[in-house]
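Notes for the one structure printed next.
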Amino acid sequence: MLTISGLTKRYGSKNAVGDLALTNVDLTVPKGQLMALIGPSGAGKSTLIRCVNRLVEPTEGRIALDGVAVTGTGATALRRARRRMGMIFQEYALIERLTVMENVLSGRLGYVSFFAAWARRFPRADVAEAFRLLDRVGMRGMEDKRADELSGGQRQRVGICRALIQNPALLLVDEPTASLDPKTSRQIMRLLVELCAERNLAAIVNIHDVALAQMFVPRIVGLRAGRVVFDGPPEGLTPETLTAIYGEEDWTATIRALEDDDG
Amino acid sequence: MGDSVSWSPPPLIRNPWLRYGLYIGAAIYLSLALGTLHLNWARLAQGLDRGWAFISAFAHPDIAKHGREIFEGFVESLTMTAVATAAGVAISLPVGLGAARNLVPMPVYLLCRGIIAVSRTFPEIIVAILFVKMFGFGPLAGVATLAFATIGFMSKLLAEDIEDIDASQVEAIRATGAGPFQVLNYAVQPQVMARFIGLSVYRLDINFRESAVIGIVGAGGIGATLNTSFERYEFDTAASILLMIIGIVMVTEYASSLVRGRLR
């Protein structure tokens, strides 16, 4: 279970006048729960998930995963905490010039020594798991391709494998579908949902596409200007709540789209 | 269709007074500067003869007369080039890493940028003269000079490449729990390695050309042989050396472009 309490992030100066990206956010994500984080651009979605694995250093607040503190620890403890959190990126963030296999195995870097990683001598169990994962996401036989030879959907599948081979308790997913076409987006979201269910994984998914979030995710948290303004099931997203998250707009089409998909 | 609309691009300097003023000023400066040259036409005519003797020597280059010296000069130059490039590239790796603002804290950055600035400030020929004073005549001074120049060149370009890498790849590797050296090996190295190898081969090619120049001030290699032949007015020997330098430079240039074309 992930617990976030009193999380505040202020960019720029250390005194009170800096830009507040997050203000006093409290969230708990129980084991196995898939949570979507929605909100307008600049609401702090990306900052929030980067605070969880401290790619962005929180200004205040405490974060713990399964009771182990992530904040206020030294470099070694932080790396240990990061091993328990897989991260998936909008632009995939694969190492373009490395092979698919090297990209997947890089998810084990927190577990192996520098020289083993440098010589690409990963434990047999890791390699076997990498093959299993590639098979699971439909990338069998692609292990020796270079990442820059892949299509967007294939890259995101490799990104998912890299996150899963960490054997994480939590996935941090930053706009997984924003660079993909609608069909591939749905396939990737479905794959994520299935994999989280198979492994009883918790996940925080930043997502722009409200309809896609409603379609796949049982819990939605709305962020506006760094504060949580909505937390509930997809059915709770009414024109009023969407206005509270994004501001005034005609929301009927968005909600009708969801009902059409259901019917 | 009768109305004739004309358009011309706006001039670089909009104010016409300033524009024509600059043109006239430049013309006046140029004519005054030419006036200070004090061309001595008699001396020029005399020198033309010697120049012609040198050029006509290219029609009958002579390797045989000082064949051994030429051979030893080239072997020395190529050895200097190889040793200096290897040493310079090896040293430029840590300096270049330290000069990349996105990797290191400020003091390390400033130190490494300082090393680069010193190395790039002085032209090879000045550095060669200094090292010849320090180590005496010969190839050691040449190797030191070329290695010194290589450090500035390679470190600066490496650092700039690292500063341009895709930060999200670094973020992704850090997010796996990787340590700093693993991040370097997995996220930074793959992004800059191809260009770094290409630049090293390019620098090898530059160093060979430079080794011919710095030999003239006493830093060994074929440049020293060339300088000796000039001092003895043996233009046929000098011509043969120059032709061979041109040949070797063309071969190394072609080889290095071939290597760089293969990398991606």
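Within every chain, numbering begins at 1; the chains are lettered A, B, ... in the order of the sequence lines, protein sequences first and strands thereafter.
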Taking A/I95 as the fixed residue, which of B/I173, B/D166, B/V188 is the one that meets the side-chain contact (heavy atoms from CB on, under 4.5 Å) rule?
B/I173
Structural part of A/M87 lying under 4.5 Å from a heavy atom of chain B:
side chain
For a quick test of reading the model, state the closest non-hydrogen atom pair linking B/R174 to A/R54 and the distance between them.
NH2-O, 4.4 Å
Nearest heavy-atom pair of A/R162 and B/A172: which atoms, and what distance?
NH2-CB, 3.4 Å
Is A/R80 close to chain B through its backbone or its side chain, or both, or neither, when contacts mean heavy atoms under 4.5 Å?
neither
If one checks every heavy atom of A/S113 against chain B at 4.5 Å, the contacting part turns out to be backbone
I'd like to know if the side chain of A/R83 reaches the main chain of B/G177, judged simply by a donor and an acceptor atom lying under 3.5 Å from each other, with no hydrogens or angles considered.
no
Check whether A/F89 gets within reach of chain B through its side chain, its backbone, both or neither, counting any heavy atom under 4.5 Å.
side chain
CZ (B/F196) with more than 12 external heavy atoms under 6.0 Å
yes
Within the distance-only criterion (no hydrogens, no angle test), does the side chain of A/E96 pair as donor or acceptor with the backbone N or O of B/Q169 below 3.5 angstrom?
no
Please examine the side chains of B/M193 and A/R97, heavy atoms only from C-beta on, and report whether any two atoms are closer than 4.5 Å.
no
Contacting moiety of A/R108, where chain B heavy atoms sit under 4.5 Å:
neither
Interface moiety of A/L94 toward chain B, non-hydrogen atoms closer than 4.5 Å:
backbone
Can you check whether A/L109's main-chain N or O pairs, donor with acceptor, with B/Y186's side chain at less than 3.5 Å?
no
Minimal non-hydrogen separation, A/R120 against B/N185, with atom names:
NH1-OD1, 3.2 Å
Using 0.5 Å steps for rounding, measure from the CH2 atom of A/W118 to the CG atom of B/L184.
13.5 Å
Take a 6.0 Å sphere around CZ of B/F122 and say whether it holds more than 12 heavy atoms from other residues, nucleotides or ligands.
no
Taking all non-hydrogen atoms of both residues, which atom of A/A93 and which atom of B/S168 are closest, and how far apart?
CB-O, 3.5 Å
Exceeds 12 heavy-atom contacts within 6.0 angstrom, atom CZ of B/R101
yes
If you look at every heavy atom in B/A175 and A/N53, which pair is closest and at what distance?
CB-ND2, 3.7 Å
With chain B as the partner, which of A/Q90, A/R84, A/R50 has the greatest number of non-hydrogen pairs under 4.5 Å?
A/R50
